[in-house]
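FYI, side chains are in, hydrogens and waters are out, and symmetry mates aren't considered; it's all heavy atoms of this structure.
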Amino acid sequence: MVLLQLDPFLNELTTLYQNSTDKGSIWVTLKRSSMKSKVQRNKMATNGEPIEYRCLIRATDGKKTISTSVGARDHQRFQASYATILKAHMTALKKRERKDKKKAAEGDKKEGDVKKKPKRV
């Protein structure tokens, strides 16, 4: 698996979402990673060097997998771009049914007026 730069990753993610509009799912995973082996991390820790952790991001549709690594500096820019892509491609979600506040309050009043007998075991 090859790590892409941020902009090519976001472009590929957009094409994955466009290809799966009719049917299919996209799985995106985020994971903390230092991109170094355990031996290298242990050596850095014993020497007192700070370990820079990055965020490893993978996206797959089951057939194609893409990935990138995001540092702390680029995280805000990436999050904003990623949120824009998600908002643009979440058109298949159903709208939430909202109850009117007045109807909900009246329903709670009616339920509170009726006393229920406790069940016997």
- prompt: Side chain of Arg54, backbone of Ser33: donor and acceptor closer than 3.5 Å?
  reply: no

Is it the case that over 12 heavy atoms from other parts of the model lie below 6.0 angstrom from the CD atom of Gln76? no

Check whether any side-chain heavy atom of Thr14 sits under 4.5 Å from a side-chain heavy atom of Leu16, and report yes or no. no

Exercise. Evaluate the side-chain proximity of Leu4 to Ile66: yes if any heavy-atom separation is below 4.5 Å, no if none is.
Key: yes

Exercise for the section: Answer with yes or no whether the side chains of Thr29 and Arg58 bring together a donor and an acceptor at under 3.5 Å. Expected result: no

Straight-line distance of [X] [atom1] to [Y] [atom2], nearest 0.5 Å:
{"X": "Phe78", "Y": "Thr68", "atom1": "CZ", "atom2": "OG1", "answer": "6.5 Å"}
{"X": "Leu10", "Y": "Gln5", "atom1": "CG", "atom2": "CD", "answer": "11.5 Å"}
{"X": "Leu13", "Y": "Ile57", "atom1": "CG", "atom2": "CD1", "answer": "9.5 Å"}
{"X": "Ser69", "Y": "Leu3", "atom1": "OG", "atom2": "CG", "answer": "6.0 Å"}

Where at least one partner belongs to [range], residue pairs that pass salt bridge (charged side-chain N to carboxylate O under 4.0 Å, His left out), sequence neighbours excluded:
{"range": "residues 71-89", "answer": "Asp7-Arg77"}
{"range": "residues 63-72", "answer": "Glu12-Lys64"}
{"range": "residues 19-33", "answer": "none"}

Residues passing the side-chain hydrogen bond (donor to acceptor under 3.5 Å, both in side chains) test with Ser20, sequence neighbours excluded, are none

With sequence neighbours left out, the residues meeting side-chain hydrogen bond (donor to acceptor under 3.5 Å, both in side chains) with Thr84 are none

So the ring-ring contact (aromatic ring centres under 6.0 Å, His included) pairs with at least one residue in residues 12-31 (sequence neighbours excluded) are Tyr17-His89

